[in-house]
Amino acid sequence: MSKYQYVPEPALVKGNHDFASLTRLVTDINLRPTPKTWYLAMIGANALLMTMVVAIGYLIWEGTGIWGLNNPVGWGWAIINFVWWVGIGHAGTLISAILFLFRQDWRTAINRFAEAMTIFAVMCAGVFPAIHVGRIWAIYWVFPIPNQMAMWPNFNSPLLWDVFAVSTYFTVSLLFWYVGLVPDLATIRDRATDKIRKVAYGIFAMGWTGSNRHWWNYEKAYMILAGLATPLVLSVHTIVSFDFAVSMIPGWHTTIFPPYFVAGAIFSGFAMVLTLMIVARKIYGMKEIMTDDHMEKMNIIILVTGSMVGFAYMMEFFMAWYSGVEYEKAIFMLRATGPYAWAYWAMMTCNVLSPQFFWSKKLRRSVGFTFFISIVVNIGMWFERFVITVTSLANDYLPSSWDYYSPTIWDVLTYVGTFGLFFTMFLLFLRFLPMVALAEIKAVIPQADPHNYDEETGEYHKPKIEVPKPQSEKV
Amino acid sequence: MSTTEQQNLYGILAEFKNPKELTDVAKTMSKSGFSKFDTFSPFPIHGMDKAMKLEKSKLGWIVFGHALIGFSGAIAMMYFMSVVDYPMNISGKPFFNAPAWVPITFELTVLLSSFGAVFGMFFLNGLPKFHNPLFNVERFKKATDDGFFAYIEAEDDKFDRTEVKKLFQEAGATHIEEVYD
């Protein structure tokens with residue numbers, strides 16, 4: 001066999017699935033009675049959600065004094081968690097939009113799932129800017145709506161750009177998600193036997209019939225949305241990074257922030273998709289759709305973005321030295337050796353070191369190891385936001401104003417509580433909506449291509465390509 | 001056959017085995033000069049637009065219009081608020097601070113374009129439409145599962161009950177049914 005022999009891509013859906021079996025596999029989850037374990041999980045998630053509600057309630061009652069903020073560090077866990085959650089959300093749109101434009105068909109197995117994660121993560125993120133203002137009842141001041149003070153928001157402020165960026169991101173992600181859902185909701189509507197489901201899914205399916213005249217506009221709309229969402233993903237985290245980069249604080253005032261934040265966001269987002277996917281595919285028996293090949297591809301993206309993040313860390317150090325600004329140099333030395341060195345090295349270990357294991361094909365394809373690394377990466381990215389936010393604020397120009405920041409129990413409870421919001425929404429999603437984009441996954445199996453049918457008989461024949469063994473196995 | 005029945009006849013629906021046969025019958029239908037016909041499948045089939053001779057979707061223009069509204073609306077809003085209505089001197093920055101307005105202009109352009117794409121798509125498709133005579137056909141439920149259907153409306157100028165049935169039969173339909181409203 002020649003070295004350059006054509007090696008076909010492995011099938012995207014494993015097992016001998018046809019259209020009907022895929023429909024059953026995915027929609028049966030929504031149609032069968034609610035499993036008891038789901039209720040158990042829901043109770044846990046709701047308990048956490050209640051924690052968040054209580055923490056926020058106390059915050060509104062008492063003010064931001066209950067948080068660990070001090071004089072130099074006026075911006076602690078709220079912004080850390082906000083940036084972290086927004087970052088988590090980015091993988092969803094990346095998978096659904098950018099990979100769509102690049103014709104990466106493997107995205108179909110996980111895009112619905114990842115988009116749901118995006119929406120819920122952005123909801124969690126949105127909690128923090130809303131409550132960190134202290135006077136939450138005046139939050140409407142950030143919106144350009146007429147009020148009795150004849151006052152308008154300041155369009156020169158990156159914080160206001162954030163308001164527009166995040167709310168646009170949320171709205172567009174939601175629309176994108178909903179458009180993708182419509183044909184699948186119609187599938188459930190047609191399969192449902194009880195009246196409530198028929199009506200409920202029927203309303204949201206809007207009378208979708210699967211007409212090819214409709215598909216024609218639909219595909220166009222999906223393409224345009226993907227084209228719109230692609231720059232949007234990049235812009236959102238860029239604008240989030242402006243919150244820092246536009247200021248004059250040493251360690252923040254850098255042009256590397258936008259791309260570096262975006263890479264970090266994708267890095268943590270993919271890790272979160274993997275964490276959720278590995279659990280869900282096991283519970284719901286989706287291993288034939290969300291295969292190890294998908295996991296491997298995502299691990300490669302984690303490896304790439306993780307290395308980009310590592311490169312950015314080193315570049316920050318280089319620029320601090322190269323700029324010749326002593327405050328800049330000092331802050332970076334302090335990050336690595338100062339009072340927050342523990343956070344810095346935790347970040348370095350989790351974000352730079354841990355993804356490097358994925359150079360090994362064996363580890364990339366190991367489910368347990370991937371699950372472990374995906375959690376490590378998410379912890380690492382949280383530390384990154386922590387290091388950026390806290391170290392720069394705690395030690396700025398004037399040593400006399402330096403102070404050490406530590407969170408209070410309320411910081412922790414609010415953060416932990418947002419997981420309650422996230423998992424509550426996610427459990428509802430798993431229960432009531434198809435977790436795999438059915439119409440899309442059907443379109444990528446070989447039976448969907450009219451060319452795979454025999455001209456004469458019209459029967460489907462499997463493309464007969466001899467699958468040679470990969471080179472690596474022979475050696 | 002009574003006349004009332006003739007009036008109520010909405011069209012003829014035929015089921016086909018697979019995407020290939022559906023594409024073939026779509027070619028036949030468009031070649032035979034039908035204009036009010038459609039094909040239904042659980043997923044978009046590649047090449048169906050050519051087979052059905054569909055026109056290019058107008059959606060791009062709708063989105064473009066919305067993008068212009070978003071773009072100019074954003075600039076108009078910020079101009080009115082920070083130059084006309086309530087100019088504020090913030091660290092000596094100009095009132096018309098164009099670079100600082102880029103992010104919000106971009107975001108609002110994207111937002112309005114997305115509205116255009118989604119609502120424009122539903123508008124072009126005539127959705128939501130909860131009543132459709134096709135939903136009276138029990139078998140049609142398969143269209144969102146694994147069924148491939150072709151349909152010719154009774155309103156079509158060339159519509160003829162027996163001719164249409166013959167066309168479907170020759171194309172290899174596994175099931176042919178009249179649709180009443």
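All chains are named by letter (A, B, ...) in the order of the sequence lines, taking the proteins before the strands, and each is independently numbered beginning at 1. For clarity, every value in this text was computed on a predicted model and none was experimentally measured.
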L124(B), part contacting chain A, at a heavy-atom distance under 4.5 Å: both
Top contributor to chain B contacts, counting heavy-atom pairs under 4.5 Å, from V172(A), T209(A), D18(A): T209(A)
Aromatic plane relationship, H90(A) with H237(A) - under 30° parallel, 30 to 60° tilted, over 60° perpendicular: perpendicular
Contact winner vs chain B - T23(A), T238(A), D184(A), heavy-atom pairs under 4.5 Å: T23(A)
Under 3.5 Å donor-acceptor, T118(A) side chain and G92(A) backbone: yes
Sidechain N-carboxylate O distance under 4.0 Å for R191(A), D28(A): yes
Ring-ring centroid check Y169(A) F176(A), cutoff 6.0 Å: no
Plane angle bin for H214(A) and W208(A) - parallel if under 30°, tilted between 30 and 60°, otherwise perpendicular: tilted
Best-contacting candidate, S57(B), P99(B), S82(B), G126(B), against chain A by heavy atom pairs under 4.5 angstrom: S57(B)
Pair D194(A) + R197(A), salt bridge at N-O below 4.0 Å: yes
Among A205(A), S157(A), G207(A), residue most engaged with chain B (heavy-atom pairs, under 4.5 Å): G207(A)
Chain A contacts, top residue of L108(B), L22(B), D24(B) (heavy-atom pairs, under 4.5 Å): L108(B)
Ring center gap for Y79(B) and F95(B) short of 6.0 angstrom: no
Check: F164(A) ring centroid to W161(A) ring centroid under 6.0 Å: no
Heavy-atom proximity to chain A below 4.5 Å, by part of T23(B): side chain
Residue among N154(A), L175(A), V179(A) with most heavy-atom pairs under 4.5 Å to chain B: L175(A)
4.5 Å side-chain heavy-atom contact, S235(A) and F106(B): yes
Among F149(B), Y10(B), F148(B), the one residue meeting ring pair (Phe, Tyr, Trp, His ring centres under 6.0 Å) with F140(B): F149(B)
Which of A117(B), A100(B), P44(B), P128(B) touches chain A most, by non-hydrogen pairs under 4.5 Å: P44(B)
Segment of L232(A) engaging chain B (4.5 angstrom heavy-atom cut-off): both
Which of L160(A), L438(A), I203(A) touches chain B most, by non-hydrogen pairs under 4.5 Å: I203(A)
Heavy-atom contacts under 4.5 Å, residues 60-73 of chain B to chain A: G60(B), V63(B)
Note, T187(A) side chain near P434(A) side chain (heavy atom, < 4.5 Å): no
Under 4.5 Å from any heavy atom of chain A - which part of M81(B): both
Side chain to side chain contact (heavy atoms under 4.5 Å, CB included) assessment of V182(A) paired with F122(B): CA-CA 11 Å; V182(A) 167; F122(B) 284 126; 3.9 Å; yes
Pairs of heavy atoms under 4.5 Å with chain B: top-ranked of A229(A), A20(A), P231(A): A20(A)
Basic-acidic side-chain contact under 4.0 Å: R112(A), E440(A): no
Part of L228(A) within contact of chain B (heavy atom distance under 4.5 Å): both
Under 4.5 Å from any heavy atom of chain B - which part of R24(A): neither
When T109(B), D38(B), L111(B), I45(B) are compared by non-hydrogen pairs under 4.5 Å with chain A, the top option: D38(B)
Heavy-atom pair count under 4.5 Å with chain A, highest-scoring of S113(B), S91(B), G47(B): S113(B)
